Amino acid sequence: MSGTMMQSMDAKETEIDLRDAGDGEDDEGQQTWKTQLETVLEEEEEEDVISTQSDTRPLINERDPRQINECLKVSFEDVIAEPASVRSGDRVWIWSHALFEVSRAWFYRIITAVLAVPVSLIAGILFAVLSFIHIWFFTPCVQVVLINTGWLQTLWSSVLDIIILPFFQSVAKCCRGISVVLTRE
C-alpha cells in the first residue's frame with residue numbers, strides 16, 4: 001500500500017515556495033511590511049541624494065560638514081599626558097582613559113537630551129529675529145542712505161581725483177629718484 005501511495009504522489013506536480021515567510025516581500029518584489037509612502041521615499045532618496053538635501057533636513061551621518069567645531073575634537077591624550085619621568089600604574093591609566101571617554105560621551109548625551117531642544121528653539125527664534133531685523137530694517141535703512149548720499153559719493157570721488165590724487169602722484173615722482181644701497185663694512 002505504501003508503494004501505491006508513493007506512485008500517486010510522484011505523479012502530482014507540486015510547487016514549493018522556498019521564500020522565507022519572514023522576508024516580507026509579495027509577488028511583485030515589494031516589501032509588504034513597508035507602507036507605500038516609505039517605499040516611494042526610499043526610491044526618491046536612491047535617485048538623487050544631493051537634490052533631496054536641504055537646510056531643514058540635516059544629514060544624520062555628517063553633522064559638522066563645514067568643520068565649524070574642529071576645535072572640539074578632543075581625545076584623552078590631548079587632555080592628560082604623563083611624561084616618562086612621572087607615570088601612574090598601567091591599570092590606573094587604562095581606567096582613567098576609559099572613564100574619561102565614557103563620562104564625556106554619556107554626559108554629553110544627557111546634557112543634549114535635556115537642553116538641545118530648548119537651546120535650538122531659542123537659537124532658531126534668535127536667528128529668525130536677527131534675520132527679520134536685517135531684512136526689514138537694516139537693509140532698507142542702508143538703501144535709503146545710499147540713495148540719498150549718491151551726490152556725496154560723486155563729490156568725494158571728484159575731491160580725490162582733483163586734489164588728493166595729483167598730490168600723491170607728485171610725491172611719488174619726487175621720491176622715485178631716491179635709492180638706498182646697503183653695504184657691509
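Just so it is clear, the model here is predicted, and its values are computed rather than measured.
- Atom CZ of F168 sits about 12.5 Å away from atom CD1 of I163, to the nearest 0.5 Å.
- Around atom CG of N148, more than 12 heavy atoms belonging to other residues, nucleotides or ligands sit under 6.0 Å away.
- Both V114 and I111 are part of a single hydrophobic cluster, where members link through side-chain heavy atoms under 4.5 Å apart.
- Between S157 atom OG and I162 atom CD1 the span is 9.0 Å, to the nearest 0.5 Å.
- Residues W156 and F167 are members of one and the same hydrophobic cluster, defined by side-chain heavy-atom contacts under 4.5 angstrom among Ile, Leu, Val, Met, Phe, Trp and Tyr.
- Annotation: E70, atom CD; neighbour count of heavy atoms from other residues, nucleotides and ligands within 6.0 Å is above 12.
- In terms of hydrophobic clustering, with Ile, Leu, Val, Met, Phe, Trp and Tyr side chains grouped at heavy-atom distances under 4.5 Å, V145 and I147 are assigned to different clusters.
- Not one N or O on the side chain of D78 forms a donor-acceptor pair closer than 3.5 Å with the backbone of V74.
- Cluster membership for V119 and Y108, using ILVMFWY side-chain heavy atoms within less than 4.5 angstrom, is not shared.
- Taking both residues in full, the closest heavy atoms of P83 and A81 are given as CD-O, 3.7 Å, listed atom of the first, atom of the second, then distance.
- F76 is listed as a side-chain neighbour of W93, based on a closest heavy-atom distance under 4.5 Å.
- Here CG of L126 is found 11.0 Å from CG of L121. Values are rounded to the nearest 0.5 Å.
- Using modelled atom types, no side-chain atom of D161 and backbone atom of S158 make a donor-acceptor pair closer than 3.5 Å.
- Proximity of R109 to R104: side-chain heavy atoms (C-beta onward) are nowhere separated by under 4.5 Å.
- F138 and H134 have perpendicular rings, their planes meeting at more than 60° on a 0 to 90° scale where under 30° would count as parallel.
- The cluster map of Ile, Leu, Val, Met, Phe, Trp and Tyr, joined by side-chain heavy atoms under 4.5 Å apart, puts F127 and I122 in different clusters.
- In summary, the aromatic rings of W95 and F100 are positioned with their centroids too far apart to meet the 6.0 Å limit.
- Taking CD1 of I80 as the start and NE2 of H97 as the end, the distance is 9.5 Å to the nearest 0.5 Å.
- Taking CD1 of I135 as the reference point, atom CG of L130 lies at 11.0 Å (rounded to 0.5 Å).
- A distance of 12.0 Å separates CG in L99 from CD1 in I94, rounded to the nearest 0.5 Å.
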